Every structure is written in C-alpha cells, then in structure tokens.
2 protein chains.
Amino acid sequence: MREQKKQATREALRAAALRLALERGPDNVRVDDIAEAAGVSPRTYNNYFSSREQAIVAAVAGERETRVAAAVIDRPDGVGLADAVVEAVVDQYTASDAPGQEALLLITTRPALRDAFIDTTTAIERPLTEAIAERLGDGDPHTARVLAASVTAAVRVAIEQWLQTTVSSFTAGGLVVPSGSLPDLLRATLAPLTPALDAAEQRALRHRHR
Amino acid sequence: MREQKKQATREALRAAALRLALERGPDNVRVDDIAEAAGVSPRTYNNYFSSREQAIVAAVAGERETRVAAAVIDRPDGVGLADAVVEAVVDQYTASDAPGQEALLLITTRPALRDAFIDTTTAIERPLTEAIAERLGDGDPHTARVLAASVTAAVRVAIEQWLQTTVSSFTAGGLVVPSGSLPDLLRATLAPLTPALDAAEQRALRHRHR
DNA sequence: GCTTAAAGTTGCGCATGCGCAAATTTGCGT
DNA sequence: ACGCAAATTTGCGCATGCGCAACTTTAAGC
C-alpha cells in the first residue's frame with residue numbers, strides 16, 4: 001500500500017528528532033514537539049518509535065541493518081565467511097560515521113542516548129542471520145542464527161568500548177588514550193569469533209560435497 | 001547488616017510478585033499491590049526492579065548469573081573451557097526448572113513476561129566474563145568479554161527457541177513437535193561456539209608457555 | 001463511480017518509570 | 001549513650017508507553 005508514505009513519515013520523524021535535539025539539546029525535546037514538527041499526532045509517533053531516544057538514534061543508525069546484510073552477501077565467494085562478515089560490518093559502521101559527526105558527539109554525552117545507540121546494534125541480527133544462512137547454504141539455519149547472534153554481541157561490545165573510551169577521553173581531557181579507531185576495535189572484538197565462523201564454513205562445505 | 005535487609009526486601013518483592021501473579025493472573029497485578037504486599041512504598045519497588053515484569057521473572061531466574069559463573073570456575077582444570085562453559089550453563093538452567101514449573105507456564109503465555117524472561121539471560125554476561133577471564137589467565141580480558149557475550153547471545157537464542165516451541169506446542173495442541181528438551185537445545189546452540197572457545201584456550205596456553 | 005474491507009491514524013485513559021529533594025533509617029566514632 | 005554522616009526510603013510530579021476503540025484514509029472489487 002502506502003509504503004511510500006509510511007517510510008516518509010518515519011524519515012520525517014527521524015529528521016525532526018535529530019534537528020530538534022541538536023538545536024535545543026536532547027533534554028529540552030518532548031515527544032510532542034517531534035510529532036508536531038513531523039506533522040503527525042504524538043500517538044502516531046509511538047507507532048513508529050517506542051521511545052523518545054529511538055528516533056534520534058535512528059537518524060544516525062539509518063538502515064545499517066539491511067546494508068550490513070547486503071554487504072555480506074555481496075562479497076565474492078572466494079572470500080571466507082569470517083572475512084566477509086568482518087569487512088561488511090566494519091564498512092557499514094565506518095561509512096555511517098560521516099553523516100552525523102555532531103550527532104554522535106551528542107549521543108556520547110547522554111547516557112540514555114548511549115544506551116539507545118547501543119541497542120541499535122541488535123537490529124542487524126535478523127538480516128545477518130539470513131545472510132550467513134545464505135552463505136552457508138541452508139544446511140542448518142540454527143548455526144547461522146547462533147553465529148549472527150554472536151557477531152551482533154561482539155559488535156555491541158565494540159560499540160560499548162568505543163563509547164566508553166570516547167567519553168572518558170573527553171572528560172579526562174585527553175589523558176586517557178583512546179583505545180583505537182572504531183574499525184580497529186571492531187576487528188579486534190570480532191577476531192575471537194573467526195574460528196567459529198571458519199568451522200561452520202568448513203562443515204557446510206563438507207556437507208555440500210556429500 | 002544493611003545488605004541483609006536489602007536482599008530481604010528484594011526477596012520479599014520477588015515472592016510477592018510471583019504469588020500475586022499466580023493468584024490473580026499477571027494482568028490483574030498492579031505495582032502498587034506488589035509494593036504493598038512486600039511492605040514498601042511503590043517508589044521503592046522501582047529502586048529494585050525497573051519494570052513490573054522483572055520482579056515476577058526474577059523469582060524464577062533467581063541468582064542464576066552468580067551460580068553459572070561459580071560453576072564455570074569450579075570445573076577442574078582438566079576439562080576444556082568449552083565443556084566447562086557448556087555444562088555449567090546447562091546445569092544451572094536445568095536446575096532452576098524445578099522450583100517454578102507453574103510460574104514458567106504463566107510466563108510462556110504472556111508476551112511481556114516472555115520478553116522479560118529472555119532478558120534475564122543477559123545477566124550472566126558480566127559474571128561469565130570474569131569466569132572465562134580467570135580460566136584463560138588474564139592475558140587478554142578483551143577476548144573473555146567477547147566470548148562471554150557470544151555465549152550469552154547463544155543462550156538467549158536457545159531460550160527464545162524453547163519458549164517458541166513450548167507455546168506453539170500448546171496452542172497447536174501437540175501438532176508441533178517440541179524441538180527437544182532445554183538441555184539439548186542449549187547444547188545445540190552452544191555447539192557452534194566451541195571452536196572459538198577452544199581457539200582462545202589454545203592461544204592462552206601458548207601465551208603462558210612463553 | 002460507488003461500495004466495502006483493510007490499513008493507518010488519532011484521542012483517551014491509565015499505569016509505569018524515573019528524577020528530584022525531603023525525610024527517615026543505619027552504622028560508626030567518640 | 002549521643003550525634004553525625006552516609007545510605008535508603010518515600011512522596012511528588014511529569015513524561016512516556018501502550019491498549020483500546022473510534023475515525024479517516026487507501027486500495028480493490030463490482
């Protein structure tokens with residue numbers, strides 16, 4: 001039906017939320033304001049976002065979940081599953097850094113926003129499950145689900161650590177050494193999972209040859 | 001002996017929440033009722049539990065998080081890390097089944113309670129991180145954290161699946177084959193992670209020998 | 001073009017979650 | 001035993017989240 005209109009209002013809410021948060025500071029924005037700015041009723045706002053923070057964060061997170069999944073599938077078959085996943089994740093998380101630099105600064109300072117941002121990582125789990133299942137061949141969808149959940153959890157750990165070092169390197173005025181760029185952090189946290197990804201890939205290959 | 005009282009009220013709230021939920025059905029229990037039954041103000045209730053469902057679910061979950069961690073550490077050194085973790089998790093999740101059988105039945109039916117129960121899995125992550133770090137030797141706490149997060153995620157997947165098949169085997173009147181006992185499900189979901197756990201263990205060993 | 005059913009939106013009402021500051025309890029030193 | 005400081009409980013107020021039912025819009029069938 002009107003998928004168009006639905007996505008349009010969704011986008012309008014995102015934009016309005018981010019704009020208002022940047023203008024007045026996130027604490028001075030009520031849901032009613034966002035709804036009004038987007039031209040919908042407050043009740044409708046809650047049909048799209050279940051919390052006030054979600055809209056603001058969604059503006060930064062964008063459609064990361066779908067892009068990650070697509071990126072995993074798009075890697076050529078020659079690349080191992082582990083590399084495909086890691087690089088796809090890193091790409092999508094570094095790509096989305098550019099647009100909302102100032103927004104990220106805002107997010108890191110408010111605990112509620114930080115939590116909401118961390119929660120966005122879980123959104124990649126479902127698409128990632130399908131992407132991994134596709135690469136493994138549909139032998140065992142169960143394994144794909146567990147691997148996707150693990151990768152998602154590792155990404156969350158990376159983001160948590162990144163946010164933590166980011167904020168402390170601000171408050172401490174540079175005394176704390178930032179533990180590395182986000183890409184490096186992501187690679188580091190995902191590294192311990194490569195054996196699991198490799199093993200699943202090998203199993204799938206062996207299974208396919210029989 | 002301040003801790004005593006705090007844990008006492010916590011326990012009182014748990015018990016009251018579960019009792020009332022079983023008596024009247026979970027939808028007919030207000031937070032005020034639980035608080036009153038436990039002899040504290042409603043506001044204090046929220047100092048202990050951040051949602052109405054948490055108290056009910058906590059009565060079933062108990063202190064699982066600490067027990068899992070202890071169980072992991074208690075396994076003899078001869079047992080591999082992977083086995084130690086898997087068996088510790090399985091033990092603690094099957095042990096806690098006995099007490100609240102009827103409570104679990106209640107939980108499976110209400111979506112809000114199901115979600116709250118699923119959320120309890122995340123509580124094991126922090127203690128599990130320390131337990132794994134202990135076993136790996138404090139070479140790289142980073143790895144322990146990722147592994148713990150992954151294990152936690154896998155457990156969550158198992159619980160989700162278990163709840164789903166449980167409820168559908170009720171609604172469908174037995175047409176759906178329950179996909180196995182909870183212990184089996186846990187072992188199955190954790191299986192794909194063993195390569196990662198083994199690899200970390202080997203790395204730690206090699207590192208220790210140098 | 002008109003009718004009709006489904007999808008989406010809105011207003012209402014209620015309970016929840018939580019920040020804040022005052023009041024109360026607890027533990028400790030003297 | 002006394003009083004002080006820290007921790008905890010409590011009341012208050014406000015905004016949020018969401019179920020529900022009425023209302024409006026959209027797409028499709030005839």
Side-chain angles (χ1 to χ4, degrees), chain A residues 1-14 16-18 20-21 24-59 107 109-120 122-123, chain B residues 1-18 20-21 24-59 109-120 122-123:
Chain A
M1 266 201 229
R2 256 316 177 275
E3 274 313 305
Q4 300 280 343
K5 194 162 194 173
K6 278 187 66 169
Q7 294 306 327
T9 31
R10 189 178 218 92
E11 185 52 37
L13 284 170
R14 274 187 200 170
L18 181 58
L20 290 176
R24 319 181 185 173
D27 294 338
N28 301 328
V29 182
R30 320 273 117 236
V31 274
D32 299 29
D33 304 334
I34 304 178
E36 191 185 10
V40 292
S41 91
R43 184 62 184 84
T44 300
Y45 171 89
N46 276 321
N47 288 343
Y48 284 91
F49 298 101
S50 54
S51 92
R52 185 170 55 93
E53 289 80 10
Q54 265 188 19
I56 304 178
V57 165
I107 287 175
T109 54
R110 315 281 166 165
L113 285 178
R114 284 213 325 225
D115 291 349
F117 184 66
I118 290 173
D119 279 347
T120 61
T122 65
Chain B
M1 308 321 143
R2 223 165 181 154
E3 278 311 307
Q4 299 280 342
K5 193 161 195 173
K6 276 188 67 169
Q7 293 307 327
T9 30
R10 190 179 217 90
E11 184 53 38
L13 285 171
R14 274 187 201 168
L18 181 58
L20 290 177
R24 319 182 185 172
D27 293 339
N28 301 328
V29 182
R30 318 274 117 234
V31 191
D32 299 28
D33 304 333
I34 304 178
E36 191 185 10
V40 293
S41 92
R43 185 62 182 83
T44 301
Y45 171 89
N46 275 321
N47 289 343
Y48 285 90
F49 298 100
S50 54
S51 92
R52 185 170 57 93
E53 289 80 10
Q54 265 188 22
I56 304 178
V57 165
T109 54
R110 314 280 165 164
L113 285 179
R114 285 211 327 224
D115 291 349
F117 184 67
I118 290 173
D119 279 346
T120 62
T122 64

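Just so it is clear, the structure is predicted and the values come from calculations on it, not from any experiment. Lettering of chains follows the sequences in order, A, B, ..., and the numbering in each one begins at 1.
- Closest non-hydrogen pair, Phe49(A) versus Ala58(A), comes out as CE2-CB, 3.7 Å.
- Contact check, Lys5(B) against dT8(D): no side-chain N or O comes under 4.0 Å of OP1 or OP2.
- In this entry the distance linking OH of Tyr45(B) with P of dT16(C) reads 8 Å, nearest Å.
- The base of dG19(C) sits within donor-acceptor range of the side chain of Arg43(B), with an N or O pair under 3.5 Å.
- Across the protein-nucleic acid pair, Gln4(B) atom CD and dA7(D) atom P stand 19 Å apart, rounded to whole Å.
- Residue Asp32(B) contributes atom CG, which lies 14 Å from atom P of dC14(C) at whole-angstrom precision.
- To the nearest angstrom, P of dC14(C) lies 16 Å from CZ of Arg52(B).
- Comparing dT10(D), dT26(D), dT9(C) by their closest approach to the side chain of Asn47(A) singles out dT9(C).
- Put simply, the side chain of Arg110(A) reaches to within 4.5 Å of the side chain of Asp27(A), judged on heavy atoms.
- Among the nucleotides dG17(C), dT16(D), dT10(D), the one closest to the side chain of Val40(B) is dT10(D).
- Regarding Asp115(A), its CG atom lies at a distance of 16 Å from the P atom of dG17(C), rounded to whole Å.
- When every heavy atom of Ile34(A) is checked against every heavy atom of Ala16(A), the shortest pair comes out as O-CB, 4.1 Å.
- In the set dA15(D), dG11(D), dC18(D), dC18(D) carries the atom at the smallest distance from any side-chain atom of Asn46(A).
- Using a 4.0 Å heavy-atom criterion, one finds that Tyr48(B) contacts the sugar-phosphate atoms exclusively.
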